[in-house]
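The structure displayed is predicted, hence computed values, not measured ones.
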Amino acid sequence: MGDPPLLSSQEVLMKKIYRIGQIVPSSNITMETEIPALLKLRENIRPERFTFHSARMRMKTVSKDELAAMDGQSDRCALELSDAALDVLGYACLVATMSMGPGYHRVSEKRLHERTVENGHPAPVITSAGALIDGLKVIGAKKIVVVAPYMRPLTELVVDYISREGIEVIDYVALEIPDNLDVGRHDCQRLPEIVKGLRYQDADAVIVSACVQMPSLPVVSMVEAITGKPTLSAAVATTYAMLKAMKLEAIAPGGGALLSGAY
């Protein structure tokens, strides 16, 4: 069948532009690269166009106390971003949400949406934590394996959070990288070998990066090919959720099974 034809420059100029907002930790260097990368690839095969806008919350060390303090800044960021009349707003810190207690992504999404409503520019709000849970449910995953960069106590909080949402984590690895910049510098080409050390054969899906900061996009398709399992990351799941919230077709090349168009 071949690839869909590329759009002409005139067709591009006629297409609607969607505004994507992201609330990110101040030391995050990944969500502002991987989500735009996915959506820019999508622009080659679909008519919609996207712009990207961010607000930042101070955070340098991935610890429970610093994550909680950072989360308290998310209301300010949602208010600031909503000035831009966004089409969707993403809260891009998975572990900050999950470390606040079971089901907190629903609380966060509701509260941050209320900030956009109060500001006169209502926008749907996606959390990367909620997007990952929802993405797993969309593909019907009951058992998963997880790669996380966090210290073991935080990784265990993530595992417990996912488990309380009805998805069994049958194996996981904590890479124990405390500094958030170092998480962003982690070589994603190491991830396929790390996944090979997990019990992926018994899983329904692989979470190759349960973190918005640890890069993984270049190897998502590779891990799927190696394991034969649908492979998600925080960025992939957040992109899927954003597209769905904007009522757009959830498809993007390089985004693995979830963004293949099958869902």
- Compute whether any side-chain donor of one residue and acceptor of the other, for Asp171 and Tyr200, lie under 3.5 angstrom apart. no
- Pairs meeting criterion salt bridge (charged side-chain N to carboxylate O under 4.0 Å, His left out) with involvement of residues 22-32, two or more places apart: Glu32-Arg56
- Query: Any side-chain donor paired with an acceptor under 3.5 Å for Glu109 and Thr127?
  - Reply: yes
- For Cys188, the side-chain contact (heavy atoms from CB on, under 4.5 Å) test, sequence neighbours excluded, returns Leu191, Pro215, Pro218, Val219
- Item | Side chain to side chain, Met70 and Arg58, heavy atoms closer than 4.5 Å | no
- Query: Using a distance-only test with no angle check, is there a side-chain donor-acceptor pair under 3.5 angstrom linking Tyr161 and His105?
  - Reply: yes
- Note on the structure: side chain to side chain donor-acceptor pair (under 3.5 Å) pairs touching residues 222-242, sequence neighbours excluded, are none
- Which pairs count as salt bridge (charged side-chain N to carboxylate O under 4.0 Å, His left out) when at least one residue sits in residues 78-102, sequence neighbours excluded? Arg76-Glu80
- Item | Partners meeting side-chain hydrogen bond (donor to acceptor under 3.5 Å, both in side chains) with Arg164 (sequence neighbours left out) | Asp160
- Message: Are the side chains of Glu43 and Phe50 in contact, using a 4.5 Å heavy-atom criterion?
- Response: yes
- Message: For residues 243-263, which residue pairs pass the side chain to side chain donor-acceptor pair (under 3.5 Å) check, not counting sequence neighbours?
- Response: Arg46-Glu249
- Message: Has Tyr150 got a side-chain atom pairing as donor or acceptor with Ala210's backbone, closer than 3.5 angstrom?
- Response: yes
